Amino acid sequence: MRLCVIGAGYVGLVTATCFAEMGNQVMCVERDPFRLARLAKGQAPLYEPGLESMLQDQVAAGRLGFTASLAEGIDRADVIFIAVGTPSGEDGSADLSHVLEVAEELGAGLKRPCLVVDKSTVPVGTAERVADRIHSGLAARGLGFRVEVASNPEFLKEGSAIEDFMRPDRVVIGCESPEAAECLRRLYAPFLRNHDRLLVMGLRAAEFTKYAANAFLATKISFMNEMAGICARLEVDIEEVRRGVGSDKRIGTHFIYAGCGYGGSCFPKDVRALIRTAEQEGIEPGILRAVEARNALQKTLLYQSVREHFNGFLKGRVIALWGLAFKPGTDDLREAPSLVLLEALLQAGAKVRAHDPVANAGVAARFPRAVETGQLRLDDSPYEVTDGADALVLVTEWKQFRQPNFERIRGLMRMPVIFDGRNLYEPEQLVESGFVYRGVGRPQRGHCKATAA
């Protein structure tokens, strides 16, 4: 098919590249000159494993192109995907200004019937608003053809987005006609050859499904984090509880790991948007508010643990951080727990030495003054940051942090203390190696006295 994807952000770029991989002719519209310049060189403007090489292959094959011109992008397109951003507004609701602006441009520029698909995460009723804008524009131009609008929410996980798109566990389509459903069924058929998991439903149901799914996953995380807080007081290891709970097939093992809070572009934004939607309908979203509050509290947990360990005296302490991105496999820092920890440590006068495989540059851009003064140093080596450190804090569970050389780290650190924000390590192993271990919802292991900084 001839496709147009409007927006070359995370969702749009993955969508465009994967559809091109299956033989479709795709034109991606991107107005940001920085992104467009990088894409023209075959460079992905964001980090996602496997994306850049696939992008380069499709550009070289002539199946994927990029332009700043909407008119060029939609010319002769059979299906147009809207994949622009929907950031949180001041009141927590999804900001639809970019989506509706695109709809108006489509109404002013479309020359023939096509299918328009909302790929962006949008509140219930957005597809209807998009359709109204498009048809109002067509009517103003004296054009009578109809353009159907469908909803096709994405369920991509940063760090495994290519795999998620190429082998989806489900494809949700919201539409009002059999023709639109059949068009999208044919488009997704190559991705569903081994298992037909395409779910066709109403427009509003599809829009709500994305929010409900993310809110439920966020709820599982916050629930386990709250259980971890109780476990810590009762001298119970949350990891043992997690294994016991996860063995129940009705609950499962996914998203029940206690840690230092969730971040990223989806969960925080979507929970806030769903809260706002409920408020607008006169419903008190008590569970969702509790999820959001628990996560905000969880992001402060690591700092409070470090501060408590050093009896409140952090000025001059050297604190090493491993991991800055909100999760492994991405350079995304949106709503990352590391930023809350960094801000608190810097304000307390600590010296921070941090390492992330791909997110160092993003953090440097957010804390330029601290980098300039030397209070924050970002190193290329995970071992380098531990040299002379009073404590090591694991924030993001990248694979390369799973089995480090603890003997080497013990020799480099001034004080052998590890704060495990993701419960990645076995406490007994670290204690045997001479460390003090503090996890999330786990009894403290090992003993050492905090010396003067």
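If you're wondering where the values come from, they're calculated on a predicted model, not measured in any experiment.
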Asp237 and its salt bridge (Lys or Arg N to Asp or Glu O under 4.0 Å) partner, picked from Arg243, Arg445, Arg242:
Arg445
Using atom types as modelled and distance alone, determine if a side-chain donor or acceptor of Lys299 lies under 3.5 Å from a backbone N or O of Glu335.
yes
Determine, using ring centers only, whether Phe419 and His309 are less than 6.0 Å apart.
yes
Evaluate Leu339 against Phe367 for side chain to side chain contact (heavy atoms under 4.5 Å, CB included), listing each step before the verdict.
CA-CA 10 Å; Leu339 300 181; Phe367 298 92; 3.9 Å; yes
Aromatic ring centroids of Phe19 and Phe165 under 6.0 Å?
yes
Donor-acceptor pairs under 3.5 Å, side chain of residues 342-352 to any protein atom, not counting sequence neighbours: which ones?
unit_1, atom_1, unit_2, atom_2, d
Glu343, OE2, Gln347, NE2, 3.2

Can you name the salt bridge (charged side-chain N to carboxylate O under 4.0 Å, His left out) partners of Glu21, sequence neighbours left out?
none
Residues two or more places apart in sequence or in another chain: which of them pass side chain to side chain donor-acceptor pair (under 3.5 Å) with Thr386?
none
Asp379 with Arg377: basic N within carboxylate O range, under 4.0 Å
yes
Just wondering, do Met227 and Val241 contact through their side chains at under 4.5 Å, heavy atoms?
no
Any carboxylate oxygen within less than 4.0 angstrom of a Lys/Arg side-chain nitrogen, looking at Arg276 and Glu279?
yes
Scan side-chain atoms only and decide if Ser120 and Asp118 contain a donor-acceptor pair under the 3.5 Å cut-off.
no
